[in-house]
K.L.:
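Pasting a structure below so you can have a look.
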Amino acid sequence: MIKKSHGNLKKFTIILLVFTLLILPLSFAEGDYTLPNVEKHINVTDDGTTIISEDITYSISGTINGVYRDVGLSGDQRLENISVETPGYYNTLEVINSSNKVKIKVHLYKDEAKTEKVSDEDVRVIYHYNFIKGVKIYDDIAELQYKSWGSDWDSDVDNLVTYIQIPGSHNNIEMWNNPQYIVKESTWTSDDTLKTQFKPLSSGQFAEQRILMPKEYFKSTQNADVIHKNAKAQIEQDQKEYQESQENHNILMKFLSLFAILGILSPIPIYIKYEMDLPTKHSPVFVNTIIEGAIGETDEYGFQASLLDLIDKKYYKIISSNEDDVVLKQKDKDMSLLKQYEIDIVDYLSKFKDDEGHISLSSMDSVEFSKFMDAWKIDVNKEVNSLEVRKLFNNRGNQVASLVCALLLISGLIIIIYSSLTKGDYNNIALVLGVILTIESAIVFALPDTIFGQWTSEGKEFHDKWKNFEKYIKDYSLIKEYPPASIQVWGKYLVYATALGCASEASGNMKKYFKYINLPEEQYYESDAVFFSMYGGNMFMHSLLHDPDTSITDTGSFGDIGDVGGGFGGGGGGTF
């Protein structure tokens, strides 16, 4: 361990103080906002229509053009009778419809001539709309699964209150708040209205309210989602499992909190060096094999980074990029300088060309892709020189530990089986020890390579530099303080952030920073990697490669029983 002098500590303290003083004013940057108060009225009518009124107070810092509200949709869901009120202000309403959401944009003005923008003040915006086919009516029950707050807001909300009115008595219903811990109080009033007061909600957090009621409350199913199946038992079971998982999570968090307190009180490094440039000249896939996952082995992030690198180096033109698909077209460029694993990607993607040469990545078959990945990793291993890996990391200790653990694991299983099938005075003791040995061996066997392996001095420097780069690209305060020099640099950063498995965080910080500096949209196109990330490409690739069966949009669960968190509504909003 290298000891730091008192001089270094003093320098770090001064730098930290100056950095804090610089960051504080930036938190009140132009065009920023907070949400001190939100009040929502949700009236469920007896034909399945949900009449919604959202009274949102925006506390504006700086100057804005207006505010917007995104409401998620799925299936045949739609919004009707959209209107807004802006007490004390003038507005122009703009409604933008797409396949999975409605964007309600409210241009705000202080004067009737609509020439003076809003600056540094609190503005109430009241959204009114009817949500059609949000209520679900099954064969045995009717359900309101409503997202009172969506996870796509980029600001905290200090005070959220909802009033849900149902078309019948609340004495015959079941009700859940998901998650329960965010609720201060939830009570029914005499007119069958559920009033719920929430605790302050953080950006990215959702709140959902789920009510099961007799289907006889509805005289008509005209505006409801009719689903011909019994759902009550499954919904109750889903909620029970969710509540149990929340309780287990709370227990875990108590232990983690205690651990964090102990960590805070123990000696920790106080000086961290952040690198503002790419630490080394290695390829994205090499960085992936060393930093992300098992040492010397690539993964899907390595593939994604290699593909994005090819896009960034102009081997592909982006035709379109969004959360549902990415369409590429190969450019006529010399490939003689490409490595074999890069040529493999080009050859594989060529299979999906249409008559116009367009390559739709959504047409990739997951089974076929899995086979390709197995072969691709072999070529990566050939290109990533094992001697160069060994210069950075000595894996001998990990190999010995793996062999010993494998033998101990087998021994533990033998002890368990033998002591279970025979009788004797010490069988129970042997059984317990066998279980402990098996569990311990399995845990140690699953530990990362770096626990028993050893970084060389060169490897330690390589590892620390790239981990510091990862911390930098994931920390918005540092991005805002020391931004990349150009759009092209942003593109290269995104390639390596992908290799490090933090593309979503880096992309989110990039979007936030571009919004902060009001970067014109046409400049996004100066880097294909930036364009790819700005318009949902990273989200699509992550969904395709890592979680192909999971929806990545906050659009509810039209046409079937919804999972916890799959309620309609939700969405998000912000300023523009």
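Please read all numbers here as calculations on a predicted model, not as lab measurements. Numbers for residues simply follow the sequence, beginning at 1.
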K.L.:
Partners of Gln243 by side-chain contact (heavy atoms from CB on, under 4.5 Å), sequence neighbours excluded?
P.N.:
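Gln243 satisfies side-chain contact (heavy atoms from CB on, under 4.5 Å) with Trp176, Asn178, Gln180, Gln239 once adjacent residues are dropped.
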K.L.:
Mind checking what makes salt bridge (charged side-chain N to carboxylate O under 4.0 Å, His left out) contact with Glu85, not counting sequence neighbours?
P.N.:
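Listed in chain order: nothing, the list is empty.
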K.L.:
Are the aromatic rings of Tyr482 and Tyr472 close, with centres under 6.0 Å apart?
P.N.:
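No.
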K.L.:
Would you mind reporting whether Asp192 and Pro167 have side-chain heavy atoms less than 4.5 Å apart?
P.N.:
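A side-chain contact under 4.5 Å is absent here.
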K.L.:
Considering only heavy atoms from C-beta outward, does the side chain of Leu79 approach that of Ile132 to under 4.5 Å?
P.N.:
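The answer is no, as the side chains (C-beta and beyond) never meet within the 4.5 Å cut-off.
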K.L.:
Any side-chain donor paired with an acceptor under 3.5 Å for Gln209 and Thr196?
P.N.:
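Their side chains do contain a donor-acceptor pair, which is all the 3.5 Å distance test asks for.
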K.L.:
Without hydrogens or angle criteria, can the side chains of Asn223 and Lys133 be said to hold a donor-acceptor pair below 3.5 Å?
P.N.:
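Distance-only check fails for Asn223 and Lys133.
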K.L.:
Any ion pair linking Asp46 and Lys219 (charged N to carboxylate O, less than 4.0 Å)?
P.N.:
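Yes, this pair counts.
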K.L.:
Before giving the answer on salt bridge (charged side-chain N to carboxylate O under 4.0 Å, His left out), spell out for Glu208 and Arg210 the whole-Å C-alpha distance, their side-chain angles and the decisive distance to 0.1 Å.
P.N.:
CA-CA 7 Å; Glu208 177 184 78; Arg210 198 170 194 178; 5.1 Å; no
K.L.:
Under the side-chain hydrogen bond (donor to acceptor under 3.5 Å, both in side chains) test, which residues partner Asn81, sequence neighbours left out?
P.N.:
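Not a single residue meets the side-chain hydrogen bond (donor to acceptor under 3.5 Å, both in side chains) criterion with Asn81.
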K.L.:
Using the ring of each side chain (for Trp, its six-membered ring), is His41 parallel, tilted or perpendicular to Tyr163, with breaks at 30° and 60°?
P.N.:
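Rings of His41 and Tyr163: parallel, as their planes differ by under 30°.
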K.L.:
Does the plane of the ring in Tyr513 sit parallel, tilted or perpendicular to the ring in Trp490? Use 30° and 60° as the thresholds.
P.N.:
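The rings of Tyr513 and Trp490 sit tilted, inter-plane angle from 30° to 60°.
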K.L.:
Mind checking what makes side-chain hydrogen bond (donor to acceptor under 3.5 Å, both in side chains) contact with Asn159, not counting sequence neighbours?
P.N.:
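Listed in chain order: Asn37, Gln197.
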K.L.:
Quick one: salt bridge (charged side-chain N to carboxylate O under 4.0 Å, His left out) partners of Glu94, sequence neighbours excluded?
P.N.:
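For Glu94, no residue satisfies salt bridge (charged side-chain N to carboxylate O under 4.0 Å, His left out) once neighbours in sequence are set aside.
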K.L.:
With Gln165, which residues qualify under side-chain hydrogen bond (donor to acceptor under 3.5 Å, both in side chains), at least two apart?
P.N.:
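Checked Gln165 against side-chain hydrogen bond (donor to acceptor under 3.5 Å, both in side chains); zero matches.
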K.L.:
Tell me whether the NZ or CZ atom of Lys512 lies within the 45° cone about the ring axis of Tyr476 and under 6.0 Å from its centre.
P.N.:
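Yes; both conditions hold, so Lys512 lies above the ring face of Tyr476.
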K.L.:
Using side-chain hydrogen bond (donor to acceptor under 3.5 Å, both in side chains) as the criterion, list what pairs up with Lys114, not counting sequence neighbours.
P.N.:
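Testing Lys114 for side-chain hydrogen bond (donor to acceptor under 3.5 Å, both in side chains), a comparison that skips the adjacent residues, returns Thr92.
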K.L.:
For Pro36, check side-chain contact (heavy atoms from CB on, under 4.5 Å) against everything at least two apart and list the hits.
P.N.:
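Expected list: Thr34, Thr57, Ser59, Asp158.
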K.L.:
What I'd like to find out is whether the side chain of Glu121 reaches to under 4.5 Å of the side chain of Tyr58, using heavy atoms alone.
P.N.:
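In short, these two side chains do not touch, never coming nearer than 4.5 Å.
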K.L.:
Got a salt bridge between Asp70 and Lys101, using NZ or NE/NH1/NH2 to carboxylate O under 4.0 Å?
P.N.:
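Yes, this pair counts.
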K.L.:
Do you know which of Thr162, Ile56, Asp55 makes side-chain contact (heavy atoms from CB on, under 4.5 Å) with Val38?
P.N.:
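Among Thr162, Ile56, Asp55, the one meeting side-chain contact (heavy atoms from CB on, under 4.5 Å) with Val38 is Ile56.
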K.L.:
Answer whether the closest heavy-atom distance between the side chains of Val123 and Tyr33 falls below 4.5 Å.
P.N.:
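No, every pair of side-chain atoms sits at 4.5 Å or beyond.
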K.L.:
Taking only residues two or more places apart in sequence, or in another chain, which ones meet Glu116 in a salt bridge (charged side-chain N to carboxylate O under 4.0 Å, His left out)?
P.N.:
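Scan of Glu116 (salt bridge (charged side-chain N to carboxylate O under 4.0 Å, His left out), adjacent residues dropped) gives Lys110.
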K.L.:
Looking only at heavy atoms, which two atoms of Thr187 and Glu185 are closest? And how far apart?
P.N.:
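Shortest heavy-atom contact: CG2-OE2, 3.8 Å.
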K.L.:
With distance as the sole criterion, is a donor-acceptor pair present between the side chains of Tyr138 and Glu143 under 3.5 Å?
P.N.:
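The answer is yes; a qualifying pair exists.
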K.L.:
Heavy atoms only: give me the nearest Cys502-Ile473 pair and the separation to one decimal.
P.N.:
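Smallest heavy-atom distance, with atoms named: SG-CG2, 3.8 Å.
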K.L.:
Under the ring-ring contact (aromatic ring centres under 6.0 Å, His included) rule, collect the residues that match up with Tyr109, sequence neighbours excluded.
P.N.:
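In terms of ring-ring contact (aromatic ring centres under 6.0 Å, His included), with neighbours along the sequence ignored, Tyr109 is linked to no residue.
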K.L.:
Do Tyr493 and Asn509 meet the criterion of a side-chain donor-acceptor pair at a distance under 3.5 Å?
P.N.:
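No, Asn509 and Tyr493 have no side-chain donor paired with an acceptor closer than 3.5 Å.
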K.L.:
Show the nearest heavy-atom pair for residues Ser186 and Met175, with the distance to one decimal.
P.N.:
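It is OG-CE, 3.7 Å.
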K.L.:
Not counting sequence neighbours, which residues clear side-chain contact (heavy atoms from CB on, under 4.5 Å) with Ala142? List them please.
P.N.:
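Expected list: Ile137, Met213, Lys215, Phe218.
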K.L.:
Apply the side-chain contact (heavy atoms from CB on, under 4.5 Å) test between Asn43 and each candidate in Thr49, Ile51, Thr50; give the one that qualifies.
P.N.:
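Between Asn43 and the candidates, side-chain contact (heavy atoms from CB on, under 4.5 Å) is satisfied uniquely by Ile51.
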K.L.:
Do the rings of Trp153 and Trp149 sit parallel, tilted or perpendicular, given the 30° and 60° boundaries?
P.N.:
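Trp153 vs Trp149 ring planes: parallel.
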K.L.:
For Glu54, is there an ion pair with Lys40 - N to carboxylate O distance below 4.0 angstrom?
P.N.:
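Salt bridge: yes.
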K.L.:
Kindly write out the residues that satisfy salt bridge (charged side-chain N to carboxylate O under 4.0 Å, His left out) with Asp312, not counting sequence neighbours, or none if the list is empty.
P.N.:
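Partners of Asp312 by the salt bridge (charged side-chain N to carboxylate O under 4.0 Å, His left out) criterion, ordered by chain and then number, come out as Lys492.
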K.L.:
Only one of Tyr301, Trp466, Phe469 forms a ring-ring contact (aromatic ring centres under 6.0 Å, His included) with Tyr496, so which one is it?
P.N.:
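Exactly one option meets the ring-ring contact (aromatic ring centres under 6.0 Å, His included) with Tyr496, and it is Trp466.
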